[in-house]
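Notes follow once the structure below has been shown.
Residue numbers start from 1 in every chain, and the chains themselves are labelled A, B, ... in the order their sequence lines are given, proteins ahead of strands.
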Amino acid sequence: MIRIYNTLSQQKEEFQPIEPGKVRMYVCGMTVYDYCHLGHARVLVAFDVITRYLRHCGYDVHYVRNITDIDDKILLRAEENGEVYTDLTERMISAMHEDEGKLGVLPPTEEPRATAHIDNIIAMIRTLISKDHAYVADNGDVYFAVDSFDGYGKLSKKKLDDLLAGARVDVEQAKRSPADFALWKAAKAGEVSWNSPWGDGRPGWHIECSAMSTCCLGDTFDIHGGGPDLMFPHHENEIAQSEAATGQEFARTWMHAGAIRVNKEKMSKSLGNFFTIREILESYPPEVVRYFLVSSHYRSQVDYSEDNLAEAGRSLTKLYHALRGLVPAKDVADTAHDRQFQAAMDDDFNTAGAIAVLHGVAAEINQHRRQGDEQAASDSAAVLVRLGKVLGLMQQDPEAFFQADTGGELTAEEIEALIQARADARKGRDFAEADRIRDELASKGVILDDSREGTSWRRG
RNA sequence: GGCGCGGUGGCAGAGUGGUUAUGCAGCGGACUGCAACUCCGUGUACGCCGGUUCGAUUCCGACCCGCGCCUCCA
């Protein structure tokens, strides 16, 4: 039985899908005006692991993650760049797909784009107006009337009164209440726009997620997820719009990832302290970045630092070392480790605990090898690869992982030649020369591992 | 100010009412020509103060500290 922490109830709940065997999940994706940063990667990886585990448990998962491809920031950035906004969004979407692929994030089942759902958005706004949950303001915008929805604040635990009291300046005059938010924004002259019953304009940010999620998954679905900073106002507004429009419960379980921090501050676009995925991948192998993300619980805050990434690299290296030189067995029955792994993952996707199990399996492999039991080692290796796959780890050939060209000074051929020279020196018991070669390699970032079968190498 | 989350050993990071997390780093031993890898062994811990309990790091309360949201942000 899987238990999931639900932001709505603020506790872990037994997960019971609406339709047995099926999971319908929606996650708020990217606004594509810039490259994805580590914070985005965290959400991407977290829900990728969740999807993988649910599928591992036999669920048929319908995973929808949207793309916001029309928005004020997109238009602003495109104008700064002097390009058509669709050129910008197309470029950022391919960059995002590239980054995801490197991190081992599987594509969602569906990836709807806001601009392809304008009709659904307009239909939903029309419904909201007809039910008196929304109104057309003097400036041509359409707003959602927050006080028309009783449950407003139930996700973020905010009271409407507190929100109004704390409302910051710059309240749009056209709004009836400061907490109301735009469903449809009237276009200014020359702006990109779509026709609507309320004049030319474009959708507000929140409504697109309501329209796309209910369109792809139905009025009520199982899981809705996203980044920590979307809880309010974005998700709160989604609930209000959707439930007001359909009269049905929106998402059953709300899941939020924890923030990535840099020097004790949240990594964010507004603070400008973010590292893009591609930046980080210049210094670290993608699987190391993924390991770093997965090695702590998805809801906890994690600090980004060079030290933490480097440590993740050493830890992953240990796991791959266990696999080195082994051919994993084909079929291996459930083991005690499988059950431990499942127990950890069942508990709100405790990937940190699951990784500890992986290390337990690695230790077992090494012990079998030490005892010369190749068959048992190969069986355990199969378990390590099988469980690793659920986390999106351990799927590379160990040599490929160790010897990936990270821009070192030496080519694989040059390294092999030096290793041969060292082997010859050792054979002639010229250890001074052998050690000189090993030191030379080490200074160029190549570490040697001697074993009975010979010498293997890796880039450190 | 309102709402929410968290403080675990040198570091990272799980978890539990009484028994080993795990990883990195350290120390001792084995292996090795010497190392690396690996194996065996080993140390340091639960912010502070009360309470409940036979027993609390784990439950309850107060306090201190940190963080997040309350405006666009994953």
Side-chain angles (χ1 to χ4, degrees), chain A residues 7 10 27-31 33-34 36-44 46-47 71-73 76 153 156-159 161-171 179 205 225-234 236 256-261 264-272 274 291-292 295-297 299-303 305 307-319 321-322 324 340 344 347 350-360 362-363 365-371 426 429-432 434-435 438-439 442 447-452 455-458 460:
Chain A
T7 307
Q10 297 174 284
V27 174
C28 291
M30 265 24 92
T31 298
Y33 70 99
D34 205 344
C36 294
H37 64 231
L38 230 211
H40 297 112
R42 164 104 112 149
V43 172
L44 255 17
F47 287 96
D71 152 279
D72 291 355
K73 284 192 292 294
L76 185 67
S156 57
K157 318 302 169 199
K158 293 183 189 304
K159 293 193 181 69
D161 290 347
D162 296 338
L163 287 173
L164 297 181
R168 307 194 185 180
V169 290
D170 248 14
V171 173
W205 176 36
D229 34 22
L230 297 186
M231 199 162 96
F232 187 89
H234 186 57
E236 196 68 63
H256 293 92
I260 299 277
R261 308 194 306 171
K264 308 288 180 192
E265 267 187 334
K266 190 181 76 158
M267 179 181 292
S268 75
K269 294 265 178 89
S270 30
L271 287 172
F274 61 91
Y291 185 96
F292 166 69
S295 61
S296 60
H297 188 87
R299 279 191 287 115
S300 66
Q301 297 184 134
V302 301
D303 280 288
S305 75
D307 284 352
N308 291 346
L309 260 307
E311 191 189 310
R314 286 191 291 271
S315 194
L316 218 212
T317 295
K318 180 165 187 148
L319 252 23
H321 252 297
R324 203 166 203 185
Q340 287 169 19
D347 182 15
N350 185 352
T351 52
I355 281 188
V357 176
L358 257 39
H359 280 284
I365 293 172
N366 292 327
Q367 285 154 10
H368 287 317
R369 284 183 134 157
R370 187 121 188 126
Q371 293 156 4
R426 291 177 76 200
R429 304 198 65 78
D430 182 358
F431 295 120
D435 289 352
R438 185 171 62 197
D439 291 345
I447 298 163
L448 301 187
D449 297 304
D450 291 332
S451 74
R452 290 183 196 82
T455 300
S456 53
W457 60 276
R458 61 190 161 93

Checklist entry - When you compare B/G10 with B/G26, how far apart are their C1' atoms, in angstrom units rounded to a whole number? => result 9 Å

Checklist outcome for this item: A/His40 NE2 to B/A74 C1', in whole Å, measures 5 Å

Next on the checklist: Rounding to an integer number of angstrom, what distance separates B/A45 and B/C40 when you compare their C1' atoms?
Outcome noted: 24 Å

Checklist entry - What is the nucleic acid contact for A/Lys158, judged by heavy atoms within less than 4.0 Å: base, sugar-phosphate only, or nothing? => result base

Checklist entry - Hey, does A/Arg324 reach any base, or is it just sugar-phosphate, or nothing, if we go heavy atoms under 4.0 Å? => result nothing

Next on the checklist: Please give the distance between the P atoms of B/G29 and B/A21 as a whole number of Å.
Outcome noted: 25 Å

Checklist entry - Are OP1 or OP2 of B/C3 and a side-chain N or O of A/Gln10 less than 4.0 angstrom apart? => result no

Checklist entry - Touch check for A/Glu311, heavy atoms < 4.0 angstrom, all strands: base, sugar-phosphate only, or nothing? => result base

Next on the checklist: Measuring from the side chain of A/His37 (C-beta onward, heavy atoms only), which nucleotide among B/U38, B/A74, B/C3 has the closest atom?
Outcome noted: B/A74

Checklist entry - In whole angstrom, what separates A/Leu309's CG from B/A12's C1'? => result 12 Å

Checklist entry - Contact class for A/Phe232 vs. all strands (heavy atom < 4.0 Å): base, sugar-phosphate, or nothing? => result sugar-phosphate

Checklist entry - In whole Å, what is the span from the CG atom of A/Asn350 to the P atom of B/A21? => result 16 Å

Checklist entry - Contact class for A/Ser456 vs. all strands (heavy atom < 4.0 Å): base, sugar-phosphate, or nothing? => result nothing

Item to check | Sugar-phosphate only, base, or nothing, as touched by A/Ser315 at under 4.0 Å among non-hydrogen atoms | outcome: sugar-phosphate

Checklist entry - Distance between the P atoms of B/G1 and B/C60, in whole angstroms? => result 24 Å

Checklist entry - Over how many whole Å does the gap from A/Arg299 atom CZ to B/A14 atom P extend? => result 10 Å

Checklist entry - Is A/Leu358 touching bases, backbone alone, or none of the nucleic acid, heavy atoms closer than 4.0 Å? => result nothing

Checklist entry - Under 4.0 angstrom, heavy atoms only, what part of the nucleic acid is A/Arg370 near: base, sugar-phosphate, or nothing? => result base

Next on the checklist: Nearest whole Å is fine: how far is B/C72 P from A/Asp34 CG?
Outcome noted: 19 Å

Checklist entry - Any N or O donor-acceptor pair linking the side chain of A/Arg438 to the base of B/A35 at under 3.5 Å? => result yes

Item to check | Sugar-phosphate, base or nothing in reach of A/Asn366, heavy atoms under 4.0 Å | outcome: sugar-phosphate

Item to check | Under 4.0 angstrom between A/Lys269 side-chain N/O and B/A74 OP1 or OP2 | outcome: yes

Next on the checklist: Considering every strand and a 4.0 Å limit on heavy-atom distances, what is the contact class for A/Ala257: base, sugar-phosphate, or nothing?
Outcome noted: nothing

Item to check | Identified pairing partner of B/G66, criterion: Watson-Crick or G-U wobble below 3.5 Å | outcome: B/C5

Next on the checklist: Distance check, C1' atoms only: B/G47 and B/U57, in whole angstrom units.
Outcome noted: 11 Å

Checklist entry - Which is true for A/Gly258 with a 4.0 Å heavy-atom rule: it touches a base, it touches only sugar-phosphate, or it touches nothing? => result base

Checklist entry - With no angle test and no hydrogens, is the base of B/G33 tied to the side chain of A/Asp435 by a donor-acceptor pair under 3.5 Å? => result yes

Item to check | C1' spacing across the pair B/U58 / B/U19, given as an integer number of angstrom | outcome: 15 Å

Next on the checklist: Is the phosphate of B/C73 approached by A/Lys266 (side-chain N or O, under 4.0 Å from OP1 or OP2)?
Outcome noted: no

Next on the checklist: Once you apply a heavy-atom cut-off of 4.0 Å, does A/His256 come out as touching a base, just sugar-phosphate, or nothing?
Outcome noted: nothing

Item to check | Base partner of B/C37, which must satisfy Watson-Crick or wobble distances under 3.5 Å | outcome: none

Next on the checklist: Whether the side chain of A/Arg369 and the base of B/C39 hold a donor-acceptor pair under 3.5 Å is what I'd like checked.
Outcome noted: no

Item to check | Value in whole Å for how far the P atom of B/C31 lies from CZ of A/Arg452 | outcome: 12 Å

Item to check | Between B/G55 and B/C63 - P atom distance, rounded Å | outcome: 26 Å

Checklist entry - Just checking A/Asp450: base, sugar-phosphate only, or nothing, at a heavy-atom cut-off of under 4.0 Å? => result base

Checklist entry - For the residue pair A/Trp205 and A/His234, does the interplanar ring angle fall in the parallel (under 30°), tilted (30 to 60°) or perpendicular (over 60°) class? => result parallel

Item to check | B/G2 and B/U20, which share atom name C1', separated by this distance in whole Å | outcome: 44 Å

Checklist entry - NA contact type, A/Arg458, heavy-atom cut-off 4.0 Å: base, sugar-phosphate, or nothing? => result sugar-phosphate

